[in-house]
Amino acid sequence: MGEAADEAEARLMIVRQQGRASVAWSVRAERYRWTVVLDEGKTSHGWADSEAEGWAYVKEAVYRPYRGTNYRRPRGLWTLPPE
């Protein structure tokens, strides 16, 4: 197995070798279609203009922390008092 520069590259390399990620040309759409199947059974997919851009989306999807969670601040807590 090859060596990766950082953890994100290593994860991408593992997913690519296991066949759980792909970037393929779609003749019908004339764009690249990227797809990732993660350990939890969740899939991510989308379109890209180039193969390199598709692999960048795959890398982002593989390395995305805390999939399915939304971190939002409560609204309206830090406002100025009325004058």
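All of these numbers come straight from a predicted model, not from anything done at the bench.
Contact annotation: the side chain of Trp34 approaches that of Ser44 to within less than 4.5 Å [non-hydrogen atoms, C-beta and beyond].
The backbone N or O of Asp49 lies less than 3.5 Å from a partner atom in the side chain of Glu53, making a donor-acceptor pair.
Rounding to the nearest 0.5 angstrom, the gap separating the CH2 atom in Trp55 from the OG atom in Ser22 is 6.5 Å.
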Evaluate the side-chain contact (heavy atoms from CB on, under 4.5 Å) criterion for residues Glu30 and Trp25: first the C-alpha distance (whole Å), next the side-chain angles of each, then the deciding distance (0.1 Å), finally the verdict.
CA-CA 7 Å; Glu30 296 182 356; Trp25 176 254; 4.1 Å; yes
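In terms of heavy-atom proximity, Ala21 sits nearest to Val58 at CB-CG1, 3.8 Å. When all heavy atoms of Gly54 and Val23 are compared, the pair lying nearest together is C-CG2, 3.8 Å.
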